[in-house]
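Contents: one structure, followed by commentary.
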Amino acid sequence: MANGSFEQKKPEACAFVIFGVTGDLTHRLVMPSLYNLAAAGLLPDKFCIVGIARKGMTSEKLRENLLEGLRKFATRPVEDEIAKRLLHCVTSVEADPSEPESFDHLKEQLEKLEAARNTGGNRLFYLATPPSAFAPIAQQLGRVGLLKEEGDAWRRLVVEKPFGTDLASAKALNDQLLELLTEHQIYRIDHYLGKETVQNIMVLRFANGMFEPIWNRHHIDHVQITVEEKLGVGHRGSFYDATGALRDMVPNHLFQLLSLVAMEPPARFDAHTVRNEKAEVLGAIQPQSEAEALTNSVRGQYTAGEIGDTEIPNYRGIKDVRADSTTETYAALKLTIDNWRWAGVPFYLRTGKALGLKRTEVAIKFRQAPFAMFSCTPIETLAENYLVIGIEPTQGITLQFNTKVPGPSIRTDGVQMKFNYKDYFQVEPATGYETLIYDCMIGDNILFQRADSVEAGWRAVQPFIDAWKKAGANGLQAYPAGSEGPDAATDLMARDGRSWRKLT
Ligand code: BG6
């Protein structure tokens, strides 16, 4: 993430080694991002891509496979010339952590390629694999000495989400990785940090003088973080049923939004300082007992319904989902942050699948005017004052306030002032991964999660995981696909005299 408006430089020479090279993630995000970087002239001149593929897959076959994926998932028309140049860098190598000797072979092959392409020994290992393979692959890479930094040559490991499935497993994975690498070599990806509007939260708060003085408990009533999806669980039944909405979305994506909104201003814009502040605020989320967690949460599971013209089947009828599953496809939580800025300001978080709308936003609700001086406008009819950071479907910022309705008497009405990204900036369609991959190559880990924030995130959600597990089917709310989610989520706010922001 470049600090300033200067031209982006090409990264240093390096080898980009992809585990899971024929998988969905590589096709959908990694290759299209590498293509976009190639098109923007932002790949190193001396570069090679090593795809760790299945047995017997030649480099030629792998290139064909990647080109097919690229044509399907690229965010812009694929130009033959650029694709050819990119795929020319690809070599297929076999390695499987269950056959340790294959990593000795990988080392030999990689060193030969590095010498031929003159990449100077800089290596980026990208784990686009199922999470169960993260530690075994890292262990083998470590055993053969591929992760050790020597001289000026850097060695980096990119780890995808999910990072652990609870606090204990996240800690164990951190411990395993930190035995093999130092923290600065590990890039834990959360794709939310690749989104422009998410990065913009820091700019909005810290590059403007007017928000910070009111960004606290004296002026802010509460914060709402919403990630609603229309998509159901689709073909991911087995993964999703073991995971659920809370683990899938909250300690990672929703907490990224929360930490950017709630962190203290960093003294400097560098990875160490920014990540300190983010970890600090996640660590300040008030721990809840299991009983409190039950009171302060809602979980739901979707039943059959319709979204537009599409029939959505009952969650429990999906392939690889247990017929008596109690996995939540919707989660809403109320959290508080124990520090001077936020004491007493609730943070309401909600996320769910198969809902009527796709919406990702952070809504900051300011305190109401203290009394109604305009006799014909009772206080409860004043429009609510919101600052809304829109991430999906509209990227932008909206300020909602009251204004006078034209006419002889004083009547007020709520209006919105909107900044829409695409009205101001021409942005090439992107996957959101370009910045993240580019940052890994230039060694800027400001947008990546550090071990302590990952653990702080899991620590905050652990009481909910434990309480829900014990409660089983008790308290699990059904909601029809295509709806706004369970009614109990409305009640969670209503009992505090508040409500979720309605779309106008
Ligand atoms: C992924 C989750 O990490 O994020 C998915 O595993 C979810 O279940 C996705 O659909 C949401 O991402 P986005 O960018 O569409 O909000």
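Ligands are counted one by one from 1 in listed order, and the atoms in each one are counted from 1 as well. The structure displayed is predicted, hence computed values, not measured ones. The first residue in the sequence is number 1, and the count goes up from there.
Within the listing of ligand 1, atoms 13 (P), 14 (O), 16 (O) sit less than 4.0 angstrom from a heavy atom of Lys195. Listed by number with element, the atoms of ligand 1 under 4.0 Å from a non-hydrogen atom of His191 are 1 (C), 3 (O), 4 (O), 12 (O), 13 (P), 14 (O). Residue contact check: Asp248 has heavy atoms under 4.0 Å from atoms 2 (C), 5 (C), 6 (O), 8 (O) of ligand 1. Listed by number with element, the atoms of ligand 1 under 4.0 Å from a non-hydrogen atom of Lys358 are 15 (O), 16 (O).
For Tyr240, no nitrogen or oxygen atom sits less than 3.5 Å from a nitrogen or oxygen atom of ligand 1, counting backbone and side chain alike. At a 3.5 angstrom cut-off on N or O pairs, Lys353 counts as close to ligand 1.
Ranked by closest heavy atom to atom 8 (O) of ligand 1, the top entry among Arg236, Met249, Arg247 is Arg236.
Neither the backbone nor the side chain of Arg359 has any atom closer than 4.0 Å to an atom of ligand 1 (non-hydrogen atoms only). Contacts between Lys161 and ligand 1 below 4.0 angstrom, taking non-hydrogen atoms only, involve the side chain exclusively.
Between Thr326 and Arg299, the side chains place no donor N or O within less than 3.5 Å of an acceptor N or O (distance only, hydrogens not considered). Side-chain atoms of Gln185 and Thr182 form a donor-acceptor pair, as typed in the model, at a separation below 3.5 Å. Ser325 and Asp241 share a side-chain donor-acceptor pair at under 3.5 Å.
Taking 4.0 Å as the cut-off between side-chain N and carboxylate O, Lys334 and Asp496 count as a salt-bridged pair. Here Glu328 does not pair with Arg247 in a salt bridge; the nearest charged N to carboxylate O distance is not below 4.0 Å.
For residues 161-173, every residue pair satisfying the side-chain hydrogen bond (donor to acceptor under 3.5 Å, both in side chains) rule, not counting sequence neighbours, is listed here: Lys161-Asp248, Thr165-Ser169, Asp166-Ser169.
By the side chain to side chain donor-acceptor pair (under 3.5 Å) test, Arg188 pairs with Asn174, Glu183, sequence neighbours left out.
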